[in-house]
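Down below is the structure, laid out as structure tokens.
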Amino acid sequence: MSIDITMPALSPTMEEGTLAKWLVKPGDAVKSGQIIAEIETDKATMEVEAVDEGVVLELLVPAGAQGVKVNAVIARLADDDAAGAPAAAPPVAAPGPASSSREPPAPAPTTVAGAATGPATGGRTAAAPASAAATGDSPRAFASPLARRIAAAAGVDLAAIAGSGPNGRIVKRDVEAVLARAPQALAHAGAPAGPSGLPATTAVSVPAPARTLEQMGVQPGSYDLVPLDGMRRTIARRMTESFRDTPHFPLTVDLEIDRLLKARADINDRFRDQGVKVSVNDFVIRASALALKMVPASNASYTPDGLALHHHADIAVAVAIDGGLITPIIRQAEYKGLAAISQEMRDLAERARQRRLKPEEYLGGTFSISNLGMMGIKSFASILNEPHGMIMSVGAGEQRPVVRNGAIAIATVMTITLTCDHRVVDGAIGAAFLKAFRGFIEDPMAMLL
């Protein structure tokens, strides 16, 4: 009997990946737990372990293949009873999700005319939740919040769409694909249809395809085109969705950091022999965590079902890596001192640059920090990193004139801008957070309390 090896979902949000390298070849004996391949996601390179034992019959997806869908069959093993008896291979050119060969084939999903069918996952069709939802016998269709918003705006019934996301989830591209191909097939039953085939009262806006550089007047051959990798595609998609769909506003303050710089110098000098070297960013992480706990309403995320108030301050810190950026997370930062934060952040940043972070080390979090001060940037505003309710942009500390008691003095001033998701953090909440944060930054001794 043959055993299928499928493309694993290495994180909850992974939909596809690049099969970077095979560490086995046809004819090799494989044991359970053996590393057989390396998979590149949009954020990291991870090793894949074999679950079953057997002999490699065939590798169905070549090394270097990009866009391999989660649950696609990538290789096939023969167990002891079927060693040397290769099975027919699916086409390599179009890898896609498939169910295990040990399970009976699932019935084709039932959809309305023109609607795209999604992949089968785990021996059941991705359309099963949608079909059940159409009859009213089960909970609402399994779809992402963005897909729901697009479908609601277009008057599309999610029950008529088969999802292509993980575990058959309906995602943005599924709704847009159906709108582009067959909007008339998704009109609400019994509603008078307009010229587009949708209810006459529903306006549908299908985005126009992006124009090429030549269409915008750029001469052919005057540039080099670098293909988008998984990380850059994900950054482009997520930042576009965040900037377009999340109502946000900035709050900017100037902070005097001379006392912080003195405290940093004293700590590094006193504990140098113990390998301690804290940075301004370590102080910012610590102060952010304490401020989030002091103002619990600011440590929150928006969900369609309500506001999620987080129990801990899990601080995500943007780290620039080759080809993009990633946000490793200091978990429960409110419980960690400056030395512990410094050591953990150095380790996370180093492994981030090597693309060796585990998904749990960069997924989730409750608050983001992006610091460009070391690059001389005075001030800037970041795009929200959902599901975080706020992101802090940290500029460079520089000497500026300030007024004290009616006289001009010189102080080291750092500008920060807090971008807030207005659905969960109102202006008053953001201002309360910044007041608490200022207290910790301008008086570092307060962090010891």
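Values below: all heavy atoms of this structure, side chains included; hydrogens, waters and symmetry mates excluded.
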In short, S393 meets S382 closest at the heavy-atom pair OG-OG, 2.7 Å
Closest non-hydrogen atoms of C420 and L251, given as atom of the first, atom of the second and distance, are SG-CD1, 4.2 Å
The complete set of ring pair (Phe, Tyr, Trp, His ring centres under 6.0 Å) pairs with one or both residues in residues 402-426, sequence neighbours excluded, reads F249-H422
In short, ring pair (Phe, Tyr, Trp, His ring centres under 6.0 Å) pairs touching residues 301-335 with sequence neighbours left out are H312-Y335
Can you sort out the partners of [X] under salt bridge (charged side-chain N to carboxylate O under 4.0 Å, His left out), two or more places apart, ordered by chain and number?
{"X": "K21", "result": "none"}
{"X": "R264", "result": "none"}
{"X": "D273", "result": "none"}
{"X": "R244", "result": "none"}

What distance separates [X] [atom1] from [Y] [atom2], expressed to the nearest 0.5 Å?
{"X": "I235", "Y": "I383", "atom1": "CD1", "atom2": "CD1", "result": "10.5 Å"}
{"X": "K358", "Y": "E361", "atom1": "NZ", "atom2": "CD", "result": "6.0 Å"}
{"X": "E386", "Y": "T246", "atom1": "CD", "atom2": "OG1", "result": "3.5 Å"}
{"X": "M392", "Y": "L434", "atom1": "CE", "atom2": "CG", "result": "6.0 Å"}
{"X": "I257", "Y": "E398", "atom1": "CD1", "atom2": "CD", "result": "10.0 Å"}
{"X": "D322", "Y": "R353", "atom1": "CG", "atom2": "CZ", "result": "11.5 Å"}

Notebook entry, point to check: Got more than 12 heavy atoms from elsewhere within 6.0 Å of CD, Q219?
Noted result: no
Sorted by chain and residue number, the side chain to side chain donor-acceptor pair (under 3.5 Å) partners of T417 (sequence neighbours excluded) come out as T252
Just to verify, what does [X] make a side chain to side chain contact (heavy atoms under 4.5 Å, CB included) with, not counting sequence neighbours?
{"X": "I35", "answer": "L23, E47, E49"}
{"X": "R404", "answer": "E256, V402, A409, A411"}
{"X": "D266", "answer": "K262"}

N/O donor-acceptor pair under 3.5 Å between [X] side chain and [Y] backbone:
{"X": "Q215", "Y": "T212", "value": "yes"}
{"X": "S242", "Y": "R238", "value": "no"}
{"X": "S288", "Y": "V284", "value": "yes"}

Sorted by chain and residue number, the ring pair (Phe, Tyr, Trp, His ring centres under 6.0 Å) partners of F243 (sequence neighbours excluded) come out as H248
F433 meets the ring pair (Phe, Tyr, Trp, His ring centres under 6.0 Å) criterion, sequence neighbours left out, with F367
Verdict with reasoning, T6 to N71, per side-chain hydrogen bond (donor to acceptor under 3.5 Å, both in side chains): CA-CA 5 Å; T6 60; N71 293 329; 4.5 Å; no
